[in-house]
Amino acid sequence: KWTIFRWMRAIAWLWIWLICFWLLIPSLRWPFDSQQSAKIAAAMYMVGSIIIPLLVGAATDTKNNDFWRKVKLGNTLLTGSVKNIV
């Protein structure tokens, strides 16, 4: 059953995908029109390579996942209590 929480998570994942697409795709447009467009694409790629893993980590549910419970990291800074980390 789809609850409002699941819909919001799906929308968040869609936004993450759109941000990823917007930041990373310009670096794949070869050849570049100018040196300036190459610099902009490289800068967007650098920002994307830092931001996207953070967004994916924030959106990943570790609390309800068997793997993360086995390694005793079911709750992280991004998903809840820091009790298991410290």
Side-chain angles (χ1 to χ4, degrees):
K1 183 177 174 181
W2 279 78
T3 63
I4 189 69
F5 180 72
R6 287 186 72 182
W7 277 105
M8 295 301 287
R9 286 190 63 192
I11 291 170
W13 278 109
L14 178 65
W15 275 104
I16 291 171
W17 182 84
L18 289 171
I19 292 168
C20 179
F21 187 83
W22 178 70
L23 287 172
L24 302 180
I25 290 300
S27 65
L28 299 177
R29 293 185 188 143
W30 290 80
F32 293 109
D33 296 335
S34 64
Q35 188 174 8
Q36 182 66 23
S37 65
K39 287 179 183 180
I40 291 171
M44 289 175 71
Y45 185 85
M46 286 187 288
V47 169
S49 65
I50 293 169
I51 299 255
I52 298 303
L54 294 174
L55 291 174
V56 169
T60 302
D61 183 19
T62 59
K63 195 177 201 179
N64 298 319
N65 190 305
D66 289 335
F67 171 78
W68 293 109
R69 277 192 234 143
K70 281 182 186 176
V71 294
K72 296 184 174 153
L73 290 174
N75 291 327
T76 64
L77 291 171
L78 298 175
T79 60
S81 171
V82 295
K83 215 187 313 182
N84 293 332
I85 294 176
V86 181

Are [X] and [Y] connected, step by step, through hydrophobic side chains (Ile, Leu, Val, Met, Phe, Trp, Tyr) whose heavy atoms are closer than 4.5 Å?
X: Trp15; Y: Val56; value: no
X: Leu18; Y: Ile25; value: yes
X: Val47; Y: Trp17; value: no
X: Ile19; Y: Ile40; value: yes
X: Phe21; Y: Leu14; value: yes

Least distance between heavy atoms, [X] atom then [Y] atom:
X: Pro53; Y: Gly48; value: CD-O, 3.8 Å
X: Ala59; Y: Arg9; value: O-NH2, 3.3 Å
X: Arg6; Y: Lys1; value: NH1-O, 3.5 Å
X: Ile16; Y: Leu55; value: CD1-O, 3.6 Å
X: Pro26; Y: Ala41; value: O-CB, 3.7 Å

Whether Trp30 and Phe32 hold their rings parallel, tilted or perpendicular, with breakpoints at 30° and 60°: tilted

Centroid-centroid distance, Trp7 to Phe5, less than 6.0 Å: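 Between Trp7 and Phe5, the centre distance exceeds or equals 6.0 Å.
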
Reported OG-to-CE distance for the pair Ser37 and Met44, which is rounded to 0.5 angstrom: 11.5 Å

Exceeds 12 heavy-atom contacts within 6.0 angstrom, atom CH2 of Trp2: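 Check passes, neighbour count above 12.
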
Trp22 CH2: over 12 foreign heavy atoms closer than 6.0 Å: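 No, the 6.0 Å shell around CH2 holds no more than 12 heavy atoms from other groups.
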
Validation row: Leu23, Tyr45 side chains within 4.5 angstrom (heavy atoms): no

